[in-house]
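Data block below; observations after.
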Amino acid sequence: MNKDAIRAAMKQKRRGLTEQERQCKSAAIGERLFRTAQYRHARTVMVYLSAFGEVETTGIMEHAFAAGKKVVVPVSIRESHTIRPSYIASAAELAPGAYGIPEPAVIAPAHMDALDLILVPGLAFDRRGGRIGFGKGYYDRFLEQVRAPKIALAYSFQIVSDVHAQAHDVKMDYIITEGELVCCE
């Protein structure tokens, strides 16, 4: 399958999950994340704000706040197809933003060097760390500028044999599903 076919198949599979399945799988993924050294040692965690059937991150964000971690979320800059990281102090600061994805109403810029861990969404991944997003390159442009570990959160069906990664595609360090932690090659 090419990237467009993989995107379409993954969107359909995510839409096929019931809310209960999504919540159950997301909770298991969150618990697996919380046990990783990367999460436990991180002082500042960048958490994507879930939309479109992605692994739910509200519980992860709340866990990070409760653990005394600083939380950073992405703000989409549509004109340049880039991401601007912003600190938030609570989920109450969020409102619908670009593409209907929650974003902070007021941006509190975070420096990329301050990020200790980045949680990354996507439509499909392979075990080598390859990732397919929605195709606009927001995360690839952002991730090529940061050094923090990159952990993709995904349902197990989102891991495919090959995403046909290209040179500009930034690889994940780890992928966490409801069933496993994948250390990417």
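Atoms considered below: every heavy atom in the structure, side chains included; atoms not considered: hydrogens, waters and symmetry mates. The shown structure was predicted, so the numbers you read here are calculated from the model rather than taken from an experiment.
Between V182 and F125 there is no side-chain heavy-atom pair separated by less than 4.5 Å. For the pair Q158 and I175, the minimum side-chain heavy-atom distance is 4.5 Å or more. Side-chain contact between M1 and V160 is absent, with no heavy atoms from C-beta onward closer than 4.5 Å. For the pair R128 and D162, the minimum side-chain heavy-atom distance is below 4.5 Å. By the 4.5 Å heavy-atom criterion applied to side chains, T57 and L119 are not counted as neighbours. When side chains are defined from C-beta on, T36 does not count as touching Y174, because their heavy atoms never get closer than 4.5 Å. Side chains of M46 and I83 form a contact here, defined as non-hydrogen atoms less than 4.5 Å apart. Annotation: side chain of R78 is in contact with side chain of Y138 (closest heavy-atom distance under 4.5 Å).
No donor-acceptor pair closer than 3.5 Å links the side chain of R14 to the backbone N or O of R22. Not a single donor-acceptor pair under 3.5 Å links the side chain of T44 to the backbone N or O of K70. When atom types are taken as modelled, the side chain of S86 and the backbone of A108 share a donor-acceptor pair closer than 3.5 angstrom.
Taking S161 as the reference, nothing meets the side chain to side chain donor-acceptor pair (under 3.5 Å) condition, with sequence neighbours excluded.
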Would L123 and K11 count as a side-chain contact (heavy atoms from CB on, under 4.5 Å) if you check the C-alpha gap in whole Å, the side-chain angles of each, and the deciding distance to 0.1 Å? CA-CA 7 Å; L123 286 167; K11 287 177 186 178; 3.9 Å; yes

Under the side-chain contact (heavy atoms from CB on, under 4.5 Å) criterion, do F142 and T82 qualify, and how do the steps go? CA-CA 7 Å; F142 176 75; T82 57; over 6 Å; no

Test M172 against L143 for side-chain contact (heavy atoms from CB on, under 4.5 Å), laying out the working first. CA-CA 9 Å; M172 302 296 97; L143 294 173; 3.7 Å; yes

Any chance you could lay out the side-chain contact (heavy atoms from CB on, under 4.5 Å) test for K69 and D116, step after step, and finish with the verdict? CA-CA 10 Å; K69 298 179 185 300; D116 297 316; over 6 Å; no

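Using a 4.5 Å cut-off between side-chain heavy atoms of Ile, Leu, Val, Met, Phe, Trp and Tyr, with links allowed through other members, M10 and Y99 fall into the same hydrophobic cluster. Residues I101 and I107 do not share a hydrophobic cluster, clusters being chains of Ile/Leu/Val/Met/Phe/Trp/Tyr side chains in contact below 4.5 Å. Linking Ile, Leu, Val, Met, Phe, Trp and Tyr whenever their side-chain heavy atoms come within less than 4.5 Å leaves Y87 and V75 in two separate clusters. Cluster annotation: L115 is not connected to I77 through the hydrophobic network of ILVMFWY side chains, with a link wherever side-chain heavy atoms come within less than 4.5 Å.
To the nearest 0.5 angstrom, Y139 atom OH is 15.5 Å from D169 atom CG. Between the OG atom of S156 and the CD1 atom of I176 there is a distance of 13.5 Å, given to the nearest 0.5 Å. One distance of note links CG of L33 with CG of L153; it measures 6.0 Å at 0.5 Å rounding. Interatomic distance, CG of L49 versus CD of E103, reported as 8.0 Å (0.5 Å rounding). With rounding to the nearest 0.5 Å, the separation of CD1 in I132 from NE2 in H164 is 7.0 Å. Considering NZ of K25 and OG1 of T177, their distance stands at 9.0 Å, rounded to 0.5 Å.
Taking every heavy atom of both residues into account, R131 and V163 meet most closely at N-CG2, 3.6 Å. Smallest separation of non-hydrogen atoms from D173 and A148: OD2-O, 4.2 Å. When all heavy atoms are compared, the tightest approach of E54 to P121 is OE2-CB, 3.5 Å. Nearest heavy-atom pair, E56 versus S26, reported as atom, atom and distance to 0.1 Å: N-OG, 2.9 Å. Among all heavy-atom pairs drawn from R84 and P109, the shortest one is NH2-CG, 3.5 Å. Closest non-hydrogen pair, R40 versus R35, comes out as NH1-O, 2.5 Å.
Residue pairs meeting the ring-ring contact (aromatic ring centres under 6.0 Å, His included) criterion with at least one member in residues 32-62, sequence neighbours excluded: F34-Y39, F34-H63, Y39-H63, F52-F134.
Of the N and O atoms on the side chains of T18 and Q20, not one donor lies less than 3.5 Å from an acceptor on the other residue.
Surrounding CD of Q12 are at most 12 heavy atoms belonging to other residues, nucleotides or ligands under 6.0 Å away.
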